[in-house]
Amino acid sequence: MKPLIVANWKCNLTTLIEAKLLFNSVANGIKNIKNAEVVICPPFIWLVYLLNPKPFTLNPKFGGQDCFWEEKGAYTGEISPSMLRGLGVEYVIIGHSERRRLLNETDEMVNKKLKAVLRRKLKPIFCIGETQEEKEKGETIEVIKSQIKKGLEGIPKKEIKNIVIAYEPVWAIGTGKSCLPDEAMTVSLSIRKFLAKIFGPANSKNIKIIYGGSVNSQNVKSYISEAGMDGVLVGEASLDPKEFINLVKNVSKG
Ligand code: PGA
């Protein structure tokens, strides 16, 4: 399985010129890389420009940073899975902790979004993770299990292979305090065991579990080779083209 490297640009790159510059440098820098799958998730508004005309390359692919659970209607400000699919987007980040914390996105909302995204044959990157306080209280595994159970409630067993799970400890996001590789490995093993219990070992064995939280070009290898993660979700380090290209190169060196 090729490692999956997802760049989450968040609400950065405030002009189209900046977005195009970053995209072009990254696309150019990774164009010969075949043994990693790279996905760029720009703000919605820049997706339209970056995908038009659709770049004729395997890497990078595109993802949305969120989407709504309804297809269309009176939902001011929302973007639907069909709109993303129509543009040529392949992945969608769902349930990022910044949305859960700042916009009160609940597990129930995340569940509706995951179902909608799967219905439109997009691949959700389902974010889960504990806060600093929950970690200190020793509740990490309990929190993760509850987010998985509620987030994946009612999703058919055969769909589960299309979901990417992103383990992103909230305390590690944007803080420079990255999680130790063996801590990430312990959590990812628990996730895999729990998925196997709910969906059966056969349905859950190929599911990708990636790590996110202060990943950079220096520590990325430890998550892939030491912690056995199937990829990474990168915020800050994806905004610097040189750093992000090095990160992708370091992963693809094997
Ligand atoms: P970070 O963000 O790499 O800046 O910690 C990761 C994320 O929020 O997905």
Side-chain angles (χ1 to χ4, degrees), residues 3-14 18-19 22 26 30 36-44 46-47 60-67 89-105 110 113-114 117 123-132 134-135 140 143-144 147-148 151 163-181 183-184 187-188 191 208-224 227 229-251:
L4 178 67
I5 305 170
V6 184
N8 178 8
W9 288 2
K10 308 190 181 183
C11 185
N12 291 299
L13 292 320
T14 51
E18 284 176 87
L22 174 58
V26 169
I30 63 167
E37 183 180 0
V38 182
V39 179
I40 309 267
C41 303
F44 285 133
W46 306 144
L47 260 177
K61 294 175 174 172
F62 288 88
Q65 294 178 15
D66 175 45
C67 79
V89 165
E90 195 171 322
Y91 288 88
V92 188
I93 298 173
I94 296 291
H96 191 281
S97 65
E98 282 151 13
R99 299 194 60 83
R100 292 182 190 256
R101 182 168 48 89
L102 301 168
L103 300 160
N104 296 328
E105 212 168 276
V110 168
K113 291 182 176 194
L114 287 171
V117 164
K123 296 174 190 160
I125 299 167
F126 169 33
C127 299
I128 53 173
E130 82 286 5
T131 61
Q132 175 77 41
E134 289 161 343
K135 178 181 161 64
T140 300
V143 168
I144 298 289
Q147 287 171 336
I148 293 180
I163 299 177
V164 175
I165 300 213
Y167 169 53
E168 294 209 297
V170 180
W171 49 269
I173 297 179
T175 57
K177 281 198 269 174
S178 55
C179 180
L180 293 172
E183 276 184 85
V187 177
S188 109
I191 295 173
K208 281 189 174 159
I209 303 176
I210 65 175
Y211 168 78
S214 298
V215 176
N216 57 42
S217 63
Q218 299 308 305
N219 64 17
V220 69
K221 275 296 283 273
S222 63
Y223 293 110
I224 312 279
M229 306 299 296
D230 299 310
V232 284
L233 179 46
V234 188
E236 188 82 26
S238 71
L239 298 172
D240 173 346
K242 210 165 144 224
E243 169 69 2
F244 187 66
I245 293 165
N246 280 338
L247 187 154
V248 175
K249 284 186 176 161
N250 287 346
V251 170

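In listed order, ligands and their atoms are each counted from 1. Owing to the predicted nature of the structure, the values given are computational and were not obtained by experimental measurement.
- With ligand atoms numbered from 1 in the order given, ligand 1 contributes 5 (O) to contacts under 4.0 Å with heavy atoms of A172.
- Residue contacts with ligand 1 include S214, since one or more of its heavy atoms lies under 4.0 Å from the ligand.
- Assignment of G174 to the shell around ligand 1 is supported, since a heavy atom sits closer than 4.0 Å.
- Put simply, CG on L22 and CH2 on W46 are 12.5 Å apart, with the number rounded to the nearest 0.5 Å.
- Expressed to the nearest 0.5 Å, how far CE of M229 lies from CG of L4 amounts to 11.0 Å.
- For the atom pair OH of Y211 and CG of L233, the computed distance is 10.0 Å after rounding to the nearest 0.5 Å.
- Here the shortest heavy-atom pairing between P169 and C179 reads CG-CB, 4.1 Å.
- The side-chain heavy atoms of P42 and L13, taken from C-beta on, include no pair separated by under 4.5 Å.
- Ranking the protein heavy atoms by distance from atom 2 (O) of ligand 1 puts K10 NZ, 3.3 Å first.
- If you take CD1 on I5 and OG on S238, they are separated by 11.5 Å, rounding to the nearest 0.5 Å.
- Applying the 4.0 Å criterion to heavy atoms of G213 picks out, from ligand 1, the atoms 5 (O).
- Protein heavy atom closest to atom 9 (O) of ligand 1, with residue, atom name and distance, is E168 OE2, 2.7 Å.
- The nearest pair of heavy atoms linking C67 to V117 is SG-CG2, 3.4 Å.
- Interface atoms of ligand 1 facing E236, defined by a heavy-atom separation under 4.0 Å, are 1 (P), 3 (O), 4 (O).
- The H96 neighbourhood of ligand 1 comprises atoms 7 (C), 8 (O), 9 (O), with distances under 4.0 Å to a heavy atom of that residue.
- Rounded to the nearest 0.5 angstrom, E130 CD and T140 OG1 are separated by 3.5 Å.
- Nearest protein neighbour of atom 3 (O) of ligand 1, counting heavy atoms only, is G235 N, 2.8 Å.
- Every N/O-N/O distance between I173 and ligand 1 stays at or above 3.5 Å.
- Near L233, meaning under 4.0 Å from any of its heavy atoms, are these atoms of ligand 1: 9 (O).
- Taking a 4.0 Å cut-off on heavy atoms, S178 fails to register as neighbouring ligand 1.
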